[in-house]
Structures are given as C-alpha cells and as structure tokens.
Amino acid sequence: MREYEPKEIEQKWQRKWEEEKAFEAKDPSPFPILGKKPKWYSLIEFPYPSGDGLHVGHVRSYTALDIVSRKRRMQGYNVLYPIGWDAFGLPTENYAIKTGRQPAEITKENTDNFRKQMKSLGLSFDWSREVNTTDPKYYKWTQWIFLKFFEKGLAYKAKTEVNWCPKDKIVLANEEVVDGRCERCGTVVEKREKEQWMLAITKYAERLLKDLDDVDYPESVKAQQRNWIGRSEGALVKFDDIEVFTTRPDTIFGATFIVKAGKEDRFTGQYVTNPATKEKIPVWESEYVMADYGTGAIMGVPAHDERDYEFARKHVLPLKEVIEPLVRKIGGKDGFRTDVPVKERRAVVSIIKHWSEDKYLGVDWGTTGWRGFSIGGIEEGESAADAGLREIVEETGYKNPEIMKVIPGKIHAQFFQTEKNVNRFAHFEPVLYKLKDGDMANVAEEERKLHRLFWLTPEEMESFITNPDMRLAWNRSRGNNLYAAAGSTEGGKFEEIGFLMNSGEFDGMPIDEARLKIAEKFGKKVTRYKLRDWIFSRQRYWGEPIPIIHCEKCGYVAVPEKDLPVELPKIDKYQPTDTGESPLANVEEWVNIKCPKCSGEAKRETDVMPNWAGSSWYFYRYTDPKNDQEFASKSKLKHWMPIDWYNGGMEHTTLHLLYSRFWNKFLFDLGLVPTSEPYKKRTSQGVILAPQGDKMSKSKGNVVNPDSIIDRFGADTLRLYEMFMGPFEQAIQWNDDALVGPRRFLERVWRLQDKLGGVSDEQAMHSTIKKVSEDIESMGFNTAVSAMMVWANLLEKKEKISMEEFQNFLLVLSPFAPHITEELWEILGHRSSLQKEIWPKYDESKLIRDEITVAIQVNGKVRASLTVPKEISKDELEKLTKDLPEVSKWLENREVKKVIIVPGKIINFVVS
RNA sequence: GCCGGGAUGGCGGAAUGGUAGACGCGCACGACUCAAAAUCGUGUCUCGUAAGGGGUGAGAGUUCGAGUCUCUCUCCCGGCACCA
C-alpha cells in the first residue's frame with residue numbers, strides 16, 4: 001500500500017473529470033426516449049469575483065450542494081449544477097479607478113482565479129454553462145428584460161434622495177455610506193434629490209407575500225421577507241380635512257386627539273371632529289408620527305396604543321377605554337372548540353392581599369395547568385364582590401376577607417372546560433380583597449386537591465401567572481390600565497381579542513367585526529405595505545447601461561431591440577463626475593444619438609443598473625447559456641425550472657432573493673418563464689467566523705484562504721472539515737487545529753484497503769447508509785460525517801472487512817470526499833468512475849442487531865442494563881431483569897405498581 | 001419594542017419524550033521508537049475510596065420518565081424598527 005498523497009490524487013481526478021466532461025448536464029432531447037432521467041437543478045449563489053479570491057464561506061455553501069448534486073447523479077438524476085460570475089460592481093470599479101486599468105480586464109483575472117480555486121476543490125459544476133453578467137451577450141438580455149418592465153409601465157422615473165459626498169462630489173451607493181459618512185473620506189454624507197429609474201416591485205407586494213406560503217424556505221427567511229414587505233390592513237378615515245391611516249378603526253370612539261408628523265411636540269391650535277363621537281378633538285404635531293408612512297397623520301387612541309398612551313400622559317390628554325378584552329385559548333386540551341355549545345357565566349377574580357405583608361395569594365389549579373387567582377361563579381342577582389367573599393372561604397379556607405376595591409372593567413375569556421365538557425365563556429370581574437387575619441376554616445379535601453395556595457410578592461406573582469386573563473386582572477389591580485388588544489396577536493396559545501364598549505351602536509361587537517364595520521361607516525378599507533419601489537439607477541460606470549434614450553420631443557424612448565446590447569463604451573476615466581452624473585455622461589460620442597422615433601437629436605441614459613440586476617435572472621440563463629435569440633428557450637426553461645434547491649446567504653433575503661422572485665413573477669405574467677416561483681426550496685449556510693469569533697475581513701487580516709488549507713491537508717479534508725465543523729445553517733468559528741480530525745479519518749479509510757477478505761457487519765453497514773442518505777437530505781452534514789467516522793472506527797477494529805462493506809463505504813463517502821474515493825475505487829480494480837455508480841440502498845430489516853441492550857430503570861432511574869435477544873417477549877424481559885441483583889435490591893419491600901417497556905430500549909419498574 | 005434563532009464538558013458539537021455528552025479537537029497515561037513526529041491502545045462531566053448522589057442558562061409544570069413538551073424569566077446572535 002502506498003501512502004495517501006492528496007495533492008497527487010486530487011489533481012489526477014480533477015483532470016480526468018474535466019477531460020470526460022463528467023458533470024455536464026444533458027439538455028432535454030427533442031425526441032424523448034424511454035427511461036429518460038428525471039431532472040434536478042441545484043443552485044448556489046454565483047459569486048462576485050473579487051480580487052481577494054475564494055473565501056472559506058463560499059466553500060461551505062458550494063460543497064453542501066455539491067454533495068447533494070453528486071448524490072442525485074448517483075440516484076439517477078440528470079443534474080444541473082451550474083456556476084457563473086456576478087461581476088458588475090463597485091470594488092472592481094474602484095480598483096480600476098485606483099490602478100487606471102480596464103474593469104473588464106480585472107474581472108477576467110479575478111474570474112480566472114476563482115475558476116482555478118473552484119476546480120481545485122473538486123466541485124462538480126457544469127463548466128460548459130458558465131455565465132458572466134458583464135458579458136455583453138449576457139447583459140443584452142438584462143437590458144431586454146428592463147425594456148419589458150419599461151414597456152409595461154413598471155420601470156419609471158421619479159425623484160428620490162441619493163447619498164451625496166460634498167467632498168468627493170459624487171453620488172454614493174448605500175454600501176459606501178458607513179454610519180452616515182463617506183466610506184473613503186469620512187465626510188458626512190448629504191441627501192440630494194435626483195431623478196432615478198424605479199422598478200415597481202410594490203405592484204407585486206401582495207403576491208410576493210402570499211406565495212411564501214407555498215415554498216420551502218427556512219422560517220426565518222419567510223419571516224424576514226414578510227416583515228420587509230410589511231403588509232398592514234387598515235382604514236383611511238377623515239377627521240374633517242385631516243385624513244389618517246389606522247389599522248385599528250375599531251378604536252375610533254377612543255380617539256381623543258390627532259397627531260401629524262412634525263419636528264417636535266406642539267399643539268397646532270386646531271380642532272377637528274371625531275366622525276364617530278362627533279366630539280371636537282385637538283390636533284397636535286409630533287416626531288413620533290412619520291411623514292412617509294400612511295397619510296402622515298394618526299388618530300391618538302391612548303387607551304389602546306402604547307405610544308399614544310405615552311403622548312397623552314406627557315401632554316395631559318384624555319384617555320377613553322373602548323375595548324373590553326377577550327382572551328381565547330386556542331389549541332391544547334382546554335382550547336376553545338368549534339363543535340361544542342358555549343356556556344356563558346359571570347365570575348369574580350379575587351385578588352387577595354396578605355393581612356400583614358405585601359404578598360398576594362396565588363392559586364395553582366394542578367391538573368388544568370393554570371396558575372393565577374381564586375375565581376368563582378357569580379349567582380343571579382349577586383354582586384361580584386359578594387360572590388368573591390363567599391368563594392374565598394370555600395376555595396381557600398381564609399375566613400375573614402374584606403373588600404378593598406372593585407376594579408372596573410370586565411375581562412372575558414373563552415376556553416374549553418374539560419371536566420364539564422363545555423365551552424366556557426367567562427365574564428370576569430376583578431375585585432381586590434385584603435384578609436383581616438390568617439384564620440382558616442376547614443376546606444374540603446376535594447377542594448384542597450384542586451388548588452394549591454402560595455403567598456407571593458408582586459414580583460413573584462408576575463412569573464407565577466400563566467393565563468393572560470388573570471394577568472390582565474392583575475395588571476388592572478396594579479393600576480396598569482393600558483390594554484392594547486392586539487387583534488391577531490397569537491402569542492403562544494392564547495388569542496387576545498375583545499369587545500367594543502363606549503362605542504354607541506357598536507357596543508358588544510367583537511373587534512374583528514367592528515374593524516370592518518367601522519372602517520366602512522367612517523372611512524374606507526385600505527392595505528398598506530412597508531415595501532418601497534426599487535431604485536434602479538446608479539451614477540456609476542461598471543454596470544449595465546440602462547437602454548433608454550431621452551428625446552426632447554418624444555420623451556423616454558426604448559432602445560430598439562435590434563440595437564441591444566447597449567454596450568459600455570471603453571473609457572479612460574471611471575471617476576464619477578462632480579455633477580452627480582454617471583461617468584458615461586462625459587462620453588459624448590456615445591451619449592449623443594438620433595431618436596429612434598423622430599430621428600431628432602437625443603441623448604442616451606447615462607445611469608447604469610444596480611448589481612442586483614444581473615443576478616435577478618441568471619438562473620434562467622444557465623438552462624440555455626448560448627442562446628442569442630432569447631434569454632433562454634421556453635422548452636429548456638420548462639425542462640429545468642423551477643430550481644429544486646437553492647442555497648445562499650441570509651444577507652440576500654430581502655435583496656437578491658426578493659428581487660429575483662419579483663422578476664420571476666413579472667416574467668411569468670408575460671408567459672416567458674414557466675413557474676410563478678423560481679425556487680422550490682431555499683436553504684442558508686451559516687457564516688464562518690474567524691477563530692476569535694469575529695467576522696472575517698481583509699482589514700482585520702483574519703481571512704482564511706482555502707488554497708493554503710488545500711495545500712496543507714488536501715481538498716477532500718477541507719470539504720469534510722467544513723461539513724463536519726457544525727450544523728450547516730449555524731454560524732461557526734474556524735478552527736485550524738480541528739482540521740486534522742477529518743484528515744486522520746481519510747488516512748484511516750485509505751488504510752482499509754489492506755483489510756479486505758472478511759465478512760460484512762450488516763447492521764453497521766445498513767444503518768450508516770441510511771443515516772448518511774437521510775442526513776444529506778436534511779442538511780445534517782455534520783452528523784452524516786460523524787456516522788461515517790463511527791463506521792470507519794468499527795471497520796478498523798475488525799481483523800478483515802468485506803469488499804461489500806468497503807465499496808459501500810466509498811460510495812457514501814464519495815459526495816463528501818470525491819477524490820480519495822475515486823482513487824480507492826480504481827485501486828479496487830474498477831475501470832469506470834465511481835460517480836457513475838448507483839447510490840447504495842439500505843435494508844430496513846438489517847437495521848436491528850440480533851441482540852439488544854436494554855436499560856433497566858426503577859422509577860425512571862437507570863439501575864442496570866442487560867443484553868437480550870431481540871425477539872424476547874415482554875414477560876420474559878420483566879422476569880429476567882427483575883431478578884438482577886442491581887435491580888432486585890431497589891424492588892425489595894416495595895410494590896411494583898406498573899412496568900413500562902419500550903421495545904429494544906428500556907424497561908421501567910414503577911414502585912411505591 | 002416587534003419578528004426569527006439560540007444557550008448542553010476545556011473547545012466544536014450529538015441525542016423519533018426513553019442509558020445526556022455520539023463524533024471530532026484538546027489533554028493525560030501506555031505501546032512502538034535511540035529519539036521525535038506519525039500511528040495504535042486506554043482514559044477524560046462532576047462530588048465520592050466505594051455504594052451512590054448531582055448535572056443540559058434560571059425557576060415552575062406535565063409525565064412512569066424531560067436537554068427534548070408547557071408556562072414565566074435571564075442572557076446571546078440575526079433582522080426590522082416611533083410603520084399607527
């Protein structure tokens with residue numbers, strides 16, 4: 001056996017794969033034949049080819065989907081796993097300015113370097129489909145799609161603010177502004193108005209939001225996009241000449257003032273009429289109202305909005321409660337049901353203060369899982385306070401309570417009462433009592449079992465209470481009257497809703513119903529979004545020219561399709577101009593042009609597109625990268641789309657990921673792409689942090705270069721390490737010392753070639769195949785590697801291993817460590833590549849050992865373990881284990897009440 | 001403040017409600033070696049000589065049994081943020 005030399009092996013196989021075009025995807029044949037392979041499209045975010053080269057973070061993402069792609073090929077799929085370059089952007093432009101070189105030339109160097117690095121990792125990309133956003137043949141189609149937006153009225157010009165550096169006299173991109181200052185010179189950035197191209201993404205807000213329900217994205221990604229789109233349903237209501245936007249029209253009777261956006265808190269002197277109450281209410285100005293959201297004015301409802309509450313307190317404005325809270329339990333054994341009759345009942349919540357200390361009586365209802373206060377039904381004709389006096393003695397035994405305060409306002413609760421099998425609709429009235437002394441009467445045994453009593457300080461009470469209705473009662477008893485009945489907040493398993501009060505004809509109406517009715521009566525229903533239209537202009541050089549011509553007579557005219565692409569002219573100075581125009585504005589022979597409509601004098605648009613443009617559609621181009629008639633042919637798109645699995649960074653969630661969903665929907669509406677969502681499944685790798693736990697950055701000098709790791713340990717080790725280092729979706733610190741683990745593992749695998757000639761350990765083999773197969777699907781790469789390590793350790797301990805074991809081992813390891821496995825496969829005498837083999841199958845029936853080890857517990861504590869045949873009966877197992885000395889000593893003189901057996905795992909003796 | 005995700009040995013982490021700490025790093029001891037490296041073996045949560053006890057951020061609860069489920073709280077990471 002020769003030594004394991006990763007460098008030599010890896011170069012050999014990388015060369016072979018290239019020669020054999022091993023990873024090229026097969027396009028659909030116009031003549032479908034029997035046995036056609038199903039398609040699989042894996043995608044990683046194509047990189048920005050910076051001068052710094054590949055980052056270990058790229059390796060994490062690319063290796064993960066490389067593993068998935070390699071496994072899919074072995075499972076018989078026709079796999080598309082493409083790669084390309086998102087090469088327009090600032091760093092290259094800035095580098096070009098600094099060095100006086102052509103951005104295109106720099107891009108070429110950087111992509112060459114990235115390509116070399118990627119190949120040295122053994123990534124199974126289809127290199128024949130490489131795309132580059134800066135290639136005119138590519139950006140012709142970016143421009144073409146822009147013109148479609150223009151044609152449909154979704155690309156338009158509008159005045160917006162841009163970041164202006166007064167020292168450098170240039171427009172800055174958002175990413176060049178750090179803490180409000182110019183990244184380069186540190187000057188405070190100013191805002192300037194400028195006409196810019198916009199894309200109307202807001203037209204798609206609703207669909208971008210709704211369709212999130214149908215895609216397989218991490219919850220965090222969906223949540224972030226929903227949050228970013230920021231839909232809120234509400235109403236526009238006019239208070240005389242002032243229109244406000246509110247999501248809570250149901251609280252309009254509680255609106256006691258109006259606030260308009262202003263610089264500081266100020267009463268305007270004006271009064272307007274509340275359309276619901278017909279009362280005159282004051283108009284104020286304050287900073288807490290934003291000018292650019294809603295109508296720039298709000299109605300102040302201090303009883304049900306925290307900010308309004310604070311504002312009212314500060315300026316002594318009246319507060320009026322208009323909602324009675326209702327708490328509804330959803331789900332769980334006591335959740336309010338739809339199929340059971342509802343029984344209403346008045347009830348008192350008794351908040352009982354200690355006779356001498358500042359403590360209150362907490363009640364724990366054992367089986368119901370509730371903790372709060374003593375409660376009791378109110379009989380007909382009885383007052384809440386009197387009912388409480390009666391119940392306190394019955395429930396708690398304390399004989400001498402006295403009424404301190406009847407707390408105004410009802411609290412409603414809906415839940416299912418399990419013991420009575422009814423839906424309870426309770427109307428609670430809180431009353432505060434104080435005990436005169438600690439004298440107690442006898443409490444029936446039954447009652448005492450139902451509730452346990454605790455004397456608690458106010459702080460302890462806060463964490464003691466479980467139910468929101470009790471909490472509301474408690475808060476009110478403490479003088480906290482604010483109740484923002486957040487209509488649809490589903491915190492945990494309680495829904496907080498409510499009924500209207502002090503609201504005239506609407507009294508008693510549930511808030512969700514009142515919301516609609518009141519909106520209709522006093523205003524109109526509207527939906528608002530936080531999402532803004534996309535500013536699509538950059539006053540820069542290194543981007544796609546916007547294919548528009550300005551003609552004084554004809555206005556904005558699209559460049560005719562036959563004249564696309566509008567190529568970037570080669571120029572010497574990329575420095576942005578001091579007028580805030582793009583550097584292209586200086587290239588007169590390029591700018592001046594005849595109007596395509598009237599042939600009069602006209603000028604080209606000199607702004608370019610943002611670097612998010614090219615990446616918004618690149619995944620279509622991969623399906624048909626050389627097409628010069630269309631951005632991609634319909635038949636190829638139909639074959640390959642949607643993308644089955646897209647992995648990329650969390651930082652793109654509200655940018656690239658949202659933008660590309662938007663473009664996809666737009667193109668879908670035009671019938672140009674086949675699916676309304678581009679990505680079936682999206683996952684995100686966690687970031688790799690520097691060894692000290694901070695972010696890797698060039699300025700900190702803590703960037704780990706994959707080349708040096710490959711040089712020291714080999715690509716297989718690097719791949720394996722990055723997959724093994726921790727959960728894939730979690731941020732993790734790089735640790736140089738830990739690399740030897742995966743390397744030792746590969747050495748161990750290498751040495752197994754000398755052990756052939758034994759028989760298989762079937763249980764170990766089948767369970768590892770199962771584990772690895774499943775973990776790859778769920779991105780549990782770390783546990784997949786761990787399972788293979790366990791298996792390798794086991795095989796190494798054996799005198800001889802079987803050919804079947806070793807080959808299956810190489811097959812499941814191959815997606816992770818493709819080079820060493822190919823080499824060993826060849827050493828075994830195979831002529832064709834291992835990646836043409838079939839992914840191994842496992843046999844469920846072989847997963848259980850003949851003998852199983854059972855843990856023996858007494859009252860849940862492990863006292864012994866015993867290895868028994870797998871077919872053992874429950875009775876036999878009980879007999880066998882009972883008599884073990886380690887067990888019998890715990891059973892002596894005790895009655896075995898119950899025996900719990902979980903087959904193959906544990907036996908638990910429950911004793912008195 | 002709101003939304004999402006976390007908290008387990010010296011470290012990275014593992015664990016369908018069923019023997020907590022798999023696997024890897026590190027460390028200790030041993031073997032091989034003139035020696036070192038590499039490799040292999042043994043050990044490695046904690047208190048205790050042992051029997052046994054304690055232990056997964058804190059506190060409570062459900063359960064025969066809780067790292068895992070429920071509630072309350074603390075802290076950490078990511079995103080949004082006077083969004084009415």
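Since the structure is predicted, the reported quantities are computational estimates derived from the model, not experimental observations. Every chain is numbered from 1, with letters handed out A, B, ... down the list of sequences.
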Below 3.5 Å between N/O atoms, which protein atoms pair up with nucleotides 79-84 of chain B? Just atom names and distances, please.
residue	atom	partner	partner atom	Å
B/C82	O3'	A/R307	NH1	3.0
B/C82	O2'	A/Y288	O	2.2
B/C83	OP1	A/R307	NH1	2.0
B/A84	OP2	A/S232	OG	3.1
B/A84	OP2	A/Y293	OH	3.3
B/A84	O3'	A/T246	OG1	3.3
B/A84	O3'	A/T247	N	2.4
B/A84	O3'	A/T247	OG1	2.8
B/A84	N6	A/M290	N	3.4
B/A84	N6	A/M290	O	2.9
B/A84	N6	A/Y293	O	3.2
B/A84	N1	A/M290	N	3.0

- Going by atom types only, do A/Y293 and A/S232 share a side-chain donor-acceptor pair under 3.5 Å?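 A pair is found: one side chain offers a donor N or O, the other an acceptor, under 3.5 Å apart.
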- Message: Just by distance, no angles: are the side chains of A/E45 and A/H656 close enough, under 3.5 Å, to form a donor-acceptor pair?
- Response: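 Short answer, no.
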- All salt bridge (Lys or Arg N to Asp or Glu O under 4.0 Å) counterparts of A/D265, not counting sequence neighbours: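 A/K314.
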- Between A/R226 and B/G4, is there a side-chain N or O to OP1/OP2 distance below 4.0 Å?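 The answer is no; no side-chain N or O of A/R226 sits under 4.0 Å from OP1 or OP2.
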- Message: B/G24, OP1 or OP2 - any side-chain N/O from A/R748 closer than 4.0 Å?
- Response: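 So the side-chain polar atoms of A/R748 do come within 4.0 Å of the phosphate oxygens OP1 or OP2 of B/G24, strictly under.
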- Query: Is B/G57 syn or is it anti, if syn means the base angle is within 90 degrees of 0?
  - Reply: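 In terms of base orientation relative to the sugar, B/G57 is anti.
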N/O-N/O pairs, protein side and nucleotides 5-12 of chain B side, under 3.5 Å:
residue	atom	partner	partner atom	Å
B/G12	O2'	A/M725	O	2.5

Set of residues satisfying ring pair (Phe, Tyr, Trp, His ring centres under 6.0 Å) with respect to [X], sequence neighbours excluded:
| X | result |
| --- | --- |
| A/F454 | A/F464 |
| A/F257 | A/F311 |
| A/W890 | none |
| A/Y360 | A/W474 |

- Message: Under 4.0 Å, counting only non-hydrogen atoms across every strand here, what does A/R743 touch: a base, just sugar-phosphate, or nothing?
- Response: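 It contacts nothing in the nucleic acid.
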- Task: Mind checking A/P727 for me? I need base, sugar-phosphate or nothing, with any heavy atom below 4.0 Å counting as a touch.
- Result: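 Since only primed, P, OP1 and OP2 atoms lie under 4.0 Å of A/P727, the category is sugar-phosphate.
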Does [N] pair with anything, Watson-Crick or G-U wobble, both distances under 3.5 Å, and if so, with which nucleotide?
| N | answer |
| --- | --- |
| B/G55 | none |
| B/G9 | none |
| B/U39 | B/A31 |
| B/U62 | none |
| B/C2 | B/G79 |

Quickly work out the [X] [atom1] to [N] [atom2] distance and round it to whole Å.
| X | N | atom1 | atom2 | result |
| --- | --- | --- | --- | --- |
| A/N908 | B/G17 | CG | C1' | 13 Å |
| A/R744 | B/G26 | CZ | C1' | 10 Å |
| A/D754 | B/U39 | CG | P | 17 Å |
| A/E3 | B/U39 | CD | P | 12 Å |
| A/K695 | B/C77 | NZ | P | 14 Å |
| A/L212 | B/C3 | CG | P | 18 Å |
| A/L891 | B/C64 | CG | P | 18 Å |
| A/Q857 | B/G18 | CD | P | 11 Å |

For residues 780-788 of chain A, which side-chain N or O atoms pair as donor and acceptor with protein atoms under 3.5 Å away, sequence neighbours left out?
residue	atom	partner	partner atom	Å
A/T783	OG1	A/D775	OD2	2.8
A/T783	OG1	A/G780	O	2.9

- Item | Summary of protein contacts for nucleotides 43-57 of chain B, nucleotide by nucleotide, where a base hit scores B, a sugar-phosphate-only hit scores S (4.0 Å, heavy atoms) | --------SSSS---
- Query: Taking it one step at a time, do A/V899 and A/I907 satisfy side chain to side chain contact (heavy atoms under 4.5 Å, CB included)?
  - Reply: CA-CA 7 Å; A/V899 181; A/I907 173 165; 3.8 Å; yes
- Between A/V902 and A/E747, name the one whose nearest nucleotide on RNA chain B is closer to the 5' end.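 That would be A/V902.
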- Take A/A223 and A/I906, find for each the nucleotide of RNA chain B with the closest heavy atom, and name the residue whose nucleotide sits nearer the 5' end.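 Comparing both residues, the 5'-ward one is A/A223.
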- Item | Validation row, ring centre A/W228 to ring centre A/Y529 under 6.0 Å |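 No, they do not, as the ring centres are separated by 6.0 Å or more.
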Consider the side chain of [X], meaning its heavy atoms from C-beta on, and name the nucleotide among [options] that approaches it most closely.
| X | options | answer |
| --- | --- | --- |
| A/S786 | B/C64, B/C25, B/C23 | B/C23 |
| A/K797 | B/G41, B/C40, B/G18 | B/G41 |
| A/T783 | B/G18, B/A15, B/C23 | B/A15 |

- Charged N-O contact under 4.0 Å between A/E206 and A/R231: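 Yes, this pair counts.
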- Mind checking the P distance from B/C73 to B/G67? Whole angstroms is fine.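 It comes out at 23 Å once rounded to the nearest Å.
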- What integer number of Å spans the P atoms of B/C25 and B/A35?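 So the two P atoms sit 26 Å from each other.
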- Residues from residues 254-266 of chain A lying under 4.0 Å of RNA chain B - heavy atoms: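 Heavy-atom cutoff 4.0 Å gives no residues at all.
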- Could you give all pairs that pass the salt bridge (Lys or Arg N to Asp or Glu O under 4.0 Å) test and reach residues 735-744 of chain A, with sequence neighbours left out?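 Of all non-adjacent pairs touching residues 735-744 of chain A, those that pass salt bridge (Lys or Arg N to Asp or Glu O under 4.0 Å) are A/R743-A/E747.
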- Mind checking what makes side chain to side chain contact (heavy atoms under 4.5 Å, CB included) contact with A/K874, not counting sequence neighbours?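 Partners of A/K874 under the side chain to side chain contact (heavy atoms under 4.5 Å, CB included) test: A/I901.
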- Message: Tell me the closest heavy-atom pair linking A/I906 and A/Q857, and the distance in Å.
- Response: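 Shortest heavy-atom contact: CD1-OE1, 3.9 Å.
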